[in-house]
Chemist: 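The structure that follows is given in the form of structure tokens.
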Amino acid sequence: MTHTQGPIQKHRKRRIDYEADLNTEQLAVVMHPGGPMLVLAGAGTGKTRTLVYRVCRLIEDGVPPWKILLLTFTNKAAREMLDRVEDLGESGTSRVMGGTFHSAGHRILRRYAEFIGYSPRFSILDREDSVDLMGHALADVQEVLPERRSPKPRLLADVYSMVINTGRDLESVLADRAPQFSDQGPMMAEVFRRYLERKRDADLMDFDDLLLNWLMLLTRHPEVRQELSLRFEHILVDEYQDTNRLQADIVEAMLGAEHNLMVVGDDAQSIYGFRGADFENILGFPERHEDCALFRLEINYRSRPEILAVANASIEHNQRQFRKELRAVRSSGEKPRSVSVPGPEDQARWVADEILRLREEGLDLEEMAVLYRNHAHSIDLQVELTRRNIPFRVRSGLRFFEQRHIKDVLAHLRFVDNPRDEVAFARMMKLRSGFGPRNTARLWSACGPGDRLQSLFRSDPARYGLARPATRELGPTIQLLEDLGTPRLQGQAGEAIRLVVEDFYQNWARDNLENAASRIEDLNQLALFADAQPDVATFLAEVTMLNDLSGEDRTGGPDDECLTLSTTHQSKGLEWRAVFVLWVSEGRFPGPRSDDIEEERRLFYVAMTRAKDHLALVHPQMARDRYQVDLIIDPSRFLLELPRGLLDDHVVKPLLPTPEKLAALPEGRYDMPAFLLPGPANEDEDVN
């Protein structure tokens, strides 16, 4: 049910004037006495403010600060909230326990570690240490070299973490994350058991243990559960839609008899299913708590009403949701634009033009952002911005060409292009089994001086005296390099990239890297970009120039004035005055392999609600495939399903080639008709 607040009962004089500081929706949440509460906080509706004032009100009404637990998804968010509580409230409010689930679990486990067989001085493994220990556990289980390919420790750690956090069985996680190893489930389960034994023997916990062992304390030790439920009278959880099953079970098990639990979130912004977040946590909260009070925060302080109208109309198409409608406080502005462009290069050019136009009109680059579904969708834009001298930062990670998987694949092309490039050689060889720094340096020295590539081609791998794993890897590597060196592939940079990916790197990435599917998609986009270059040498020179330029200080003004580029996932919680969303096209947004279309629509909703004043949804009409064929692509279904009139439709015309470019075309190419070429107007022509 939706809760409506009656007259506020002031039990004593309060320092804070809650009625003056909060709107009616926020005030109802802050003043609600207790019990289970679900607060559906729409984008830009003052969620953080409501949480802060709720904590202050509890303390002012007599709840000891140390009996309040505030769980957030970043320690930074917890610090900011508690600092605001301290500024608003009375002395002693700093004793509120706030932080991430992992930091809270860490503090609780330090006190109760002996109940689960650990000492209070246990050590915590970071991600890399966990992978190393998983490797030792694998070696314990596989005492002899297996006859077939086994999962690498990093992949094992990823699968283990997903199983722990979601509560799903190993078989279903393998089917999603590593289907190539689906038949090795029993072996992997044995490795995980050994991994757990090694951690316990060494008094070690990894990050997943901080949650798993916390839940074990609560479910297997009633005395600890009772003590903790009395210790915390009120529990508040931020971003509840992003919790996984393990976190939700921990919260439920921590509750005391009064069930004073307030969860705050927005089901319309539940976008992290791929990380293990469970949408059912927020959707099913009222069913799990029959006496739950349901609140909606719908008054939006961020966006113009025209932007909210589009966002509301889009999310309305989702069936599984709590219905709500964002209402704007701000005055009207321009309609969001639906921008149709001929192709990816035109998309990049148009966005760059608009960014410069808005900057000339007084909008700082810091107040603008470009969002996209996948990091690979930004490649053409990054190239265009670099050429235009427009400074940018990539919030979703490294710049495209600086990412590990991009550099790994390009190292193969670089070495074939320049066989004296020791850096490229070392990077390429260290991806192979048996080639650590020592064997790589040994092979480099044995090949050479001179043309090390030809030396490799002419030699027998056995002559280098390498161990069996390294010798076994060397033959296929030499064959791959020989294929890359053929005239055909030297003239087709995109096909050269695809050969490296298909012949070697995609399997290596699946075994060794997180988010392997996303990285392989990046490489597919890199190949499409490379298709436009005349040969490998030109392509590598272009990439090198872009990387060198991207490292320069090109702002021409304040060092911190930069445009933001970000995946939509990484943009959540942020806002800008102007937002451009790229590739709002079917097969791109939503993605081509999107199983949950409603989560994709929620992601689209998040992208739109980042914008305060200006919103542009850009969709190319054409995209080129690997065979250099231009394919017509449809606008995203998310655009087509919107009511007419909400968007300002804008069509960008193709950029016609200049006479200079036409003159440079080789013999036999299509000649543009003279009447289409720009030139002086005919004075005798009747312009009417």
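This is a predicted model, so every value here is computed, not measured. In this chain, residues are counted from 1 in sequence order.
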Chemist: Should the pair Phe415 and Phe425 be assigned to parallel (<30°), tilted (30 to 60°) or perpendicular (>60°) ring geometry?
Modeler: tilted
Chemist: With a 4.5 Å limit on heavy-atom distance, are the side chains of Asn374 and Glu521 in contact?
Modeler: yes
Chemist: For salt bridge (Lys or Arg N to Asp or Glu O under 4.0 Å), just list the numbers for Arg349 and Asp346, CA-CA rounded to whole Å, side-chain angles, deciding distance to a tenth of an Å, and then say yes or no.
Modeler: CA-CA 5 Å; Arg349 279 193 293 266; Asp346 306 282; 2.9 Å; yes
Chemist: What pairs with His619 under ring pair (Phe, Tyr, Trp, His ring centres under 6.0 Å), at least two apart in sequence or on another chain?
Modeler: none
Chemist: Parallel, tilted or perpendicular: which fits the ring planes of Tyr272 and His569, with parallel below 30° and perpendicular above 60°?
Modeler: tilted
Chemist: Give the intermediate values and the outcome of side-chain contact (heavy atoms from CB on, under 4.5 Å) for residues Leu71 and Leu236.
Modeler: CA-CA 6 Å; Leu71 295 171; Leu236 301 89; over 6 Å; no
Chemist: Would you say Ile632 has more than 12 foreign heavy atoms packed within less than 6.0 Å of its CD1?
Modeler: no
Chemist: Which residues pass the side-chain contact (heavy atoms from CB on, under 4.5 Å) test with Pro336, sequence neighbours left out?
Modeler: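 Once residues adjacent in sequence are excluded, the partners of Pro336 under the side-chain contact (heavy atoms from CB on, under 4.5 Å) criterion are Glu306, Ile307, Val310, Leu615, Leu647.
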Chemist: Looking at Trp508 and Leu431, would you say the former's side chain and the latter's main chain have a donor-acceptor pair under 3.5 Å?
Modeler: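 Side chain of Trp508 to backbone of Leu431, a donor-acceptor pair under 3.5 Å: yes, one is there.
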Chemist: Checking side chain to side chain contact (heavy atoms under 4.5 Å, CB included) between Val339 and each of Gln347, Glu354, His650, which is the one that passes?
Modeler: His650
Chemist: Looking at Arg359 and Asp364, is any side-chain nitrogen of the basic one under 4.0 Å from a carboxylate oxygen of the acidic one?
Modeler: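 A salt bridge is absent here (no side-chain N lies under 4.0 Å from a carboxylate O).
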Chemist: One thing to verify: whether Asp417 and Arg414 come together as a salt bridge, which I'm taking to mean a side-chain N less than 4.0 angstrom from a carboxylate O.
Modeler: no
Chemist: Between the side chain of Arg302 and the main-chain N/O of Lys612, is any donor-acceptor distance below 3.5 Å?
Modeler: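 Checked: no pair found.
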Chemist: Return yes if some donor-acceptor pair links the side-chain N/O of Arg427 with the main-chain N/O of Ala411 below 3.5 Å, else return no.
Modeler: no
Chemist: Which residues pass the salt bridge (charged side-chain N to carboxylate O under 4.0 Å, His left out) test with Arg588, sequence neighbours left out?
Modeler: none
Chemist: Got a sec, which residues hit side chain to side chain donor-acceptor pair (under 3.5 Å) with Asp613, two or more places apart in sequence or on another chain?
Modeler: Arg304, Arg330, Arg577
Chemist: Hey, what do you get for OG (Ser378) to CG (Leu565), rounding to the nearest 0.5 Å?
Modeler: 6.0 Å
Chemist: Please report the C-alpha distance between Val581 and Val618 in whole Å, then the side-chain angles of each, then the deciding distance to 0.1 Å, and finally whether the side-chain contact (heavy atoms from CB on, under 4.5 Å) criterion is met.
Modeler: CA-CA 6 Å; Val581 187; Val618 193; over 6 Å; no
Chemist: Can you find a side-chain donor-acceptor pair between His377 and Gln525 that sits under 3.5 Å?
Modeler: no
Chemist: Taking the side chain from Lys335 and the backbone from Gly645, do they hold a donor-acceptor pair closer than 3.5 Å?
Modeler: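 Such a contact is found between Lys335 side chain and Gly645 backbone.
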Chemist: Return the set of residues passing side chain to side chain donor-acceptor pair (under 3.5 Å) with Lys324 (not counting sequence neighbours), or none when no residue passes.
Modeler: Asp266, Asp267
Chemist: Going from CZ on Arg337 to CG on Leu617, what distance comes out if it is rounded to the nearest 0.5 angstrom?
Modeler: 10.0 Å
Chemist: Charged N to carboxylate O under 4.0 angstrom, Glu361 versus Arg357?
Modeler: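 A salt bridge links Glu361 with Arg357.
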Chemist: Using the test salt bridge (charged side-chain N to carboxylate O under 4.0 Å, His left out), find all partners of Glu316 that sit at least two apart in sequence or belong to another chain.
Modeler: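 Salt bridge (charged side-chain N to carboxylate O under 4.0 Å, His left out) list for Glu316, sorted by chain: Arg323.
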Chemist: Go through the steps to decide whether Asp408 and Arg404 satisfy the test salt bridge (Lys or Arg N to Asp or Glu O under 4.0 Å), and finish with yes or no.
Modeler: CA-CA 6 Å; Asp408 284 348; Arg404 173 188 179 157; 3.2 Å; yes
Chemist: Has Asn165 got a side-chain atom pairing as donor or acceptor with Asn244's backbone, closer than 3.5 angstrom?
Modeler: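 Looks like no, no N/O pair under 3.5 Å.
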Chemist: Could you list the residues that satisfy ring pair (Phe, Tyr, Trp, His ring centres under 6.0 Å) with Phe589, not counting sequence neighbours?
Modeler: Phe604
Chemist: Arg127: which residues meet the side chain to side chain donor-acceptor pair (under 3.5 Å) condition with it, sequence neighbours left out?
Modeler: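 Partners of Arg127 by the side chain to side chain donor-acceptor pair (under 3.5 Å) criterion, ordered by chain and then number, come out as Glu514.
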Chemist: Just jot down the ring pair (Phe, Tyr, Trp, His ring centres under 6.0 Å) partners of Phe279, sequence neighbours excluded, or say none.
Modeler: none
Chemist: In Å and rounded to the nearest 0.5 Å, what is the CG to CD1 distance from Asp242 to Ile271?
Modeler: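 Reported value, rounded in 0.5 Å steps: 7.0 Å.
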Chemist: Before giving the answer on side-chain contact (heavy atoms from CB on, under 4.5 Å), spell out for Leu563 and Ile355 the whole-Å C-alpha distance, their side-chain angles and the decisive distance to 0.1 Å.
Modeler: CA-CA 9 Å; Leu563 173 74; Ile355 287 166; 3.4 Å; yes
Chemist: Would you say Thr45's side chain and Gly42's backbone share a donor-acceptor pair under 3.5 angstrom?
Modeler: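 Side chain of Thr45 to backbone of Gly42: a pair is present.
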Chemist: Does the pair Asp83/Arg79 count as a salt bridge with the N-to-O cut at 4.0 Å?
Modeler: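 Answer for the salt bridge query: no.
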Chemist: Can you tell me how far the CE atom of Met608 sits from the OG atom of Ser303, to the nearest 0.5 Å?
Modeler: 10.5 Å
Chemist: Kindly compute the distance separating CZ (Phe529) from CZ (Phe401), expressed to the nearest 0.5 Å.
Modeler: 4.5 Å
Chemist: Would you say the side-chain atoms of Thr568 and Ser571 include a donor-acceptor pair closer than 3.5 Å?
Modeler: no
Chemist: Hey, could you give me each pair passing salt bridge (charged side-chain N to carboxylate O under 4.0 Å, His left out) that has a residue in residues 639-650? Not counting sequence neighbours.
Modeler: Arg601-Glu641
Chemist: Under a 3.5 Å distance rule, please check whether Asn515 uses its side chain to pair with a backbone N or O of Ser518 as donor and acceptor.
Modeler: no
Chemist: Hey, what do you get for CG (Leu51) to CG (Leu82), rounding to the nearest 0.5 Å?
Modeler: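 Interatomic distance, Leu51 CG to Leu82 CG, rounded to 0.5 Å: 10.5 Å.
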Chemist: Taking NZ, NE, NH1 and NH2 as the nitrogens, is one of them in Arg637 or Glu586 under 4.0 Å from a carboxylate oxygen of the other?
Modeler: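 Judged by the 4.0 Å cut-off on N to carboxylate O distance, Arg637 and Glu586 do form a salt bridge.
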Chemist: Quick one: does Phe539's side chain get under 4.5 Å of Asp531's, heavy atoms only?
Modeler: no
Chemist: For Asp522, what residues pass the side chain to side chain donor-acceptor pair (under 3.5 Å) criterion, not counting sequence neighbours?
Modeler: His405
Chemist: Under 3.5 Å, is there a donor-acceptor pair between the Gln533 and Thr538 side chains?
Modeler: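 No donor-acceptor contact under 3.5 Å links the two side chains.
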Chemist: Measuring only between side-chain heavy atoms, which start at C-beta, is Leu365 closer than 4.5 Å to Pro391?
Modeler: yes
Chemist: Do side-chain atoms of Gln321 reach the backbone of Ile315 as a donor and acceptor pair under 3.5 angstrom?
Modeler: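 Confirmed, Gln321 side chain pairs with Ile315 backbone.
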Chemist: Verify, without hydrogens or angle tests, whether Thr609 (side chain) and Val606 (backbone) share a donor-acceptor contact under 3.5 angstrom.
Modeler: yes
Chemist: After noting the C-alpha distance and the side-chain angles of Tyr605 and Phe638, does the key distance pass the side-chain contact (heavy atoms from CB on, under 4.5 Å) rule?
Modeler: CA-CA 10 Å; Tyr605 174 87; Phe638 302 150; over 6 Å; no
Chemist: Between Gln403 and Phe400 (side chain of the first, backbone of the second, donor and acceptor by atom type, cut-off under 3.5 Å), is there such a pair?
Modeler: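 Looks like yes, one N/O pair under 3.5 Å.
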Chemist: Would Lys572 and Glu239 pass as an ion pair if we require N to O under 4.0 Å?
Modeler: yes
Chemist: Salt-bridge test for Arg388 and Glu384: reply yes if a basic N is under 4.0 Å from a carboxylate O, no otherwise.
Modeler: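 Counted as a salt bridge, because a side-chain N and a carboxylate O are separated by less than 4.0 Å.
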Chemist: List the residues meeting ring pair (Phe, Tyr, Trp, His ring centres under 6.0 Å) with Tyr53, not counting sequence neighbours, and say none if there are none.
Modeler: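 Per chain and number, Tyr53 pairs via ring pair (Phe, Tyr, Trp, His ring centres under 6.0 Å) with Tyr18.
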